[in-house]
Participant: 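One structure is given below, represented as structure tokens, and several questions about it will come after.
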Amino acid sequence: MTEQTPVTDTKAVKVPTLPDAQTVTQVQHYTDRLFSFKCTRPASLRFRSGEFVMIGLMGDPHPETGKQKPLLRAYSIASPSWDEELEFYSIKVQDGPLTSKLQHIQPGDEIILRPKPVGTLVHDALIPGKRIWFFATGTGFAPFASLLREPQTYEDYDEVIITHTCREAGELTYGHDIIESLKTDELLNEVIGEGFWKKIKYYPTTTREESAKMGRITDLINSGEAYADLGVEPLNPDNDRAMICGNLAFNLELKDMLEAAGLEEGANSKPAQYVVEKAFLD
Ligand code: A2P
């Protein structure tokens, strides 16, 4: 008698083994420093485009007790509030406590997601204006990946300017692909209006590798070069609203520049002309 091959049902629902477990559905690597991934969305999770949640993995077992603790970090949700799945954009730090492990996740793996979204990069924290600027460095693009796919962005503003400064050209790919995808997104073109993406002015720059536009956005604005390239009027508090998300030094420098231009910082409890949030690094 021949041995029977065991039948494995690949469609069987996996029992979550982690607290607040979500299942990874897709992973894409961009450079040796950057990757993005998608996971299932808890049915109860409601969030506003631009907010962040705590996500992570179980840490290594304690050498004596064998107990494991969750290792969590704040991550902006890169997908818009209406999406069925959640998307995240992450740095890979080879000796980072979380991202040294997270960079190896595969579809089918589980991550921990605490379903308590918070954050200041939300439309509710801004008063009405004509033009919105999204200023990002590195993985600080993530909340804007959400807001660029959020219909309210185009309902609230006539013009959407997104600047992204990275060290190398390959680090611009994620943002570039998101913006390109808007042009052929049938659902968004139907819901927001055909050609809504024409409101976007995209200004990617690099600082350490040759690309079409080199330099820090802060310098390019101060010199007036960015305004000339984009064909727009300089920042002014009557028309302009802004959101900043990047490394700490960048956030502080841009904050000063916006204040000098006459814009005031807003918050959920007191909406004003700009908001800022740190891109969280491992
Ligand atoms: P630079 O290469 O000149 O430091 P990081 O990967 O270190 O977070 O940096 C992401 C991008 O942000 C880099 O292109 C970096 O430029 C730029 N950057 C860092 N600090 C500032 C700042 N204070 N103002 C503008 N851009 C900055």
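Read the numbers this way: they start at 1 and go in the same order the structure lists the ligands and their atoms.
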Participant: Between Lys130 and Asp158 (salt bridge meaning N to carboxylate O under 4.0 Å), is one present in this structure?
Facilitator: no
Participant: Can you list the residues that meet the side-chain contact (heavy atoms from CB on, under 4.5 Å) rule with Val232, with sequence neighbours excluded?
Facilitator: Arg131, Trp133, Glu159, Ile161, Lys201, Tyr227, Leu230
Participant: Considering only NZ, NE, NH1 and NH2 on the basic side and carboxylate oxygens on the acidic side, decide whether Asp124 and Arg48 come within less than 4.0 Å.
Facilitator: yes
Participant: Side chains of Glu150 and Ser81: is there a donor and an acceptor less than 3.5 Å apart?
Facilitator: yes
Participant: Looking only at the side chains, is there a donor atom on one of Thr137 and Thr165 sitting less than 3.5 Å from an acceptor on the other?
Facilitator: no
Participant: With a 4.0 Å heavy-atom cut-off, what residues sit around ligand 1?
Facilitator: Arg33, Thr137, Thr165, Cys166, Arg167, Thr207, Arg208, Arg216, Thr218, Asn247, Ala249, Phe250, Glu253
Participant: Can a donor-acceptor pair be found between the side chains of Gln28 and Tyr174 at a distance below 3.5 Å?
Facilitator: no
